[in-house]
There are 2 protein chains.
Amino acid sequence: MMKDFECTQESYAREVLREKGLKSTAQRLAVVHILHMSGKSLSIGEIHCGVKDLLGNTGLATIYRTLEMFEDLGIVKRLHFPDGGHGYTFSQGEHVHHMVCVDCRGVFDFSECPAENFDYASVEKQGFRMKDHFIQLFGQCGKCVEAA
Amino acid sequence: MMKDFECTQESYAREVLREKGLKSTAQRLAVVHILHMSGKSLSIGEIHCGVKDLLGNTGLATIYRTLEMFEDLGIVKRLHFPDGGHGYTFSQGEHVHHMVCVDCRGVFDFSECPAENFDYASVEKQGFRMKDHFIQLFGQCGKCVEAA
DNA sequence: TATTAAATGAGAATAGTTTTCAACTAATTT
DNA sequence: AAATTAGTTGAAAACTATTCTCATTTAATA
């Protein structure tokens with residue numbers, strides 16, 4: 001389906017889906033494609049529009065279902081904006097953090113974890129069992145700084 | 001109006017409101033009271049119920065308005081849960097981070113910032129201008145570990 | 001190519017949030 | 001203490017976001 005020449009991201013998604021016995025549908029690959037191409041985080045609505053541009057009519061429910069599944073599979077990450085909105089960005093399951101431009105919502109990954117050397121002893125002393133952490137940096141990207 | 005004996009949190013909120021020329025209504029102080037008493041993060045619905053218990057009928061819109069305002073004023077912080085839900089917790093504007101129990105949604109503050117010693121040079125090299133960061137640790141608190 | 005389990009689209013249903021506006025109230029002034 | 005006034009509230013409507021249902025379609029496999 002879709003295309004003959006696929007980028008690594010699409011192959012990666014195909015592979016993850018196949019391993020779980022899930023289908024690589026045109027809609028799912030289109031979501032990957034759009035997220036990958038955009039270079040920034042996209043809202044549900046933006047993703048929906050993008051998929052419709054690629055495939056013609058596509059149900060919004062499919063986008064919701066796909067993104068939820070992709071998040072579980074580690075194919076996308078959901079970002080939380082200060083205003084309560086959400087953005088989605090492609091991910092290959094690595095432990096990366098995100099620097100988000102609050103103006104254009106561009107996403108810039110960085111793999112060094114700011115909390116890498118943090119001593120969790122004080123936290124764990126209280127019996128707390130750490131599972132995960134979520135770090136997001138907010139600011140303005142170079143372009144938006146200039147434009148302002 | 002409300003109570004004769006106020007805790008520091010309520011006085012703090014009164015003060016912040018007064019400075020901005022905003023009114024210290026029973027509804028607003030009730031929100032502070034509930035957040036402070038609960039010792040964990042609360043959802044909008046839980047806060048609404050709590051305020052209704054204290055004051056009798058209270059509009060849900062007021063809760064939304066109050067929390068939005070309080071967030072702007074730094075009186076509450078909004079937490080983002082992995083499932084997309086939100087929780088609110090009292091704050092006095094200090095720079096603290098939160099450890100959140102994914103089971104009971106209890107919130108445990110810690111003032112040491114995990115990212116304190118992180119070198120943002122690589123980020124800033126790309127022209128990114130940092131404004132803020134958001135860090136949240138997820139896990140299970142001692143009680144929920146035992147209960148499981 | 002036939003089979004089958006998974007996925008989709010459409011729209012209804014539900015949940016979450018914001019807006020509007022007349023009535024009300026905290027804080028200030030007289 | 002009463003009058004003033006600007007900010008605030010409740011209620012319902014309006015709007016937005018998300019999930020569900022089910023008949024139809026499709027990817028993967030045999």
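The figures that follow rest on heavy atoms only: side chains count, while hydrogens, waters and symmetry mates do not. Naming convention: chains lettered A, B, ... in sequence-line order (proteins, then strands); numbering from 1 in each chain.
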Does [X] put a side-chain nitrogen or oxygen below 4.0 Å from OP1 or OP2 of [N]?
| X | N | value |
| --- | --- | --- |
| Thr58(B) | dT9(D) | no |
| Thr25(B) | dT9(D) | yes |
| Asn57(A) | dT8(C) | no |
| Arg28(B) | dT9(D) | yes |
| Gln27(B) | dG10(D) | yes |

| said: Taking CE in Met130(B) as the centre, count heavy atoms belonging to other residues, nucleotides or ligands within less than 6.0 Å. Is the count above 12? | reply: yes
Output the rounded distance in Å from [atom1] ([X]) to [atom2] ([N]).
| X | N | atom1 | atom2 | value |
| --- | --- | --- | --- | --- |
| His48(A) | dT8(C) | NE2 | P | 12 Å |
| Glu46(B) | dG16(C) | CD | P | 12 Å |
| Leu55(B) | dA26(C) | CG | P | 11 Å |
| Glu19(B) | dA27(C) | CD | P | 14 Å |
| Leu17(A) | dA28(D) | CG | P | 9 Å |
| Leu29(B) | dT9(D) | CG | C1' | 15 Å |
| Leu22(B) | dT9(D) | CG | P | 10 Å |
| Ile44(B) | dA17(D) | CD1 | C1' | 15 Å |

| query | Considering the terminal five base pairs at each end of the helix from dT1(C)-dA30(D) to dT30(C)-dA1(D), what angle separates the two local helix axes, rounded to 10°? | reply | 40°
| request: Run the salt-bridge test on Glu146(A) and Lys143(A) with the 4.0 Å N-O cut-off and return the result as yes or no. | output: no
| task | Kindly work out whether a path of hydrophobic side-chain contacts (I/L/V/M/F/W/Y, heavy atoms less than 4.5 Å apart) joins Tyr88(A) to Leu73(A). | result | yes
| message | Is there a path of hydrophobic side-chain contacts, each under 4.5 Å between heavy atoms, that joins Ile135(A) and Phe134(B)? | response | no
All N/O contacts under 3.5 Å from nucleotides 1-6 of chain D to the protein, with atom names and distances to one decimal?
| unit_1 | atom_1 | unit_2 | atom_2 | d |
| --- | --- | --- | --- | --- |
| dA6(D) | N3 | Lys23(B) | NZ | 3.2 |

| Does NZ or CZ of Arg28(B) lie under 6.0 Å from the centre of the six-membered ring of Phe70(B), at an angle within 45° of the ring axis? | no
Would you give me the side-chain donor-acceptor pairs under 3.5 Å for residues 50-66 of chain B, sequence neighbours excluded?
| unit_1 | atom_1 | unit_2 | atom_2 | d |
| --- | --- | --- | --- | --- |
| Thr58(B) | OG1 | Gly56(B) | O | 3.0 |
| Thr66(B) | OG1 | Thr62(B) | O | 2.7 |

| Evaluation steps, side-chain contact (heavy atoms from CB on, under 4.5 Å), between Met69(A) and Leu17(A) | CA-CA 10 Å; Met69(A) 197 189 78; Leu17(A) 289 168; 3.3 Å; yes
| note | The correct set of residues in residues 62-74 of chain B placing a heavy atom under 4.0 Å from DNA chain C is Tyr64(B), Arg65(B)
| note | DNA chain C nearest-nucleotide lookup for Leu60(A) and Leu60(B): closer to the 5′ end is Leu60(A)
| Stepwise side-chain contact (heavy atoms from CB on, under 4.5 Å) test for Glu10(B) and Arg14(B) | CA-CA 6 Å; Glu10(B) 280 159 350; Arg14(B) 275 194 128 87; 5.6 Å; no
| said: Using the ring-ring contact (aromatic ring centres under 6.0 Å, His included) criterion, which residues pair with His133(A)? Sequence neighbours excluded. | reply: His95(A), His97(A)
| request: For His86(A), enumerate each residue passing the ring-ring contact (aromatic ring centres under 6.0 Å, His included) test, keeping only those at least two apart in sequence or located in another chain. | output: His80(A)
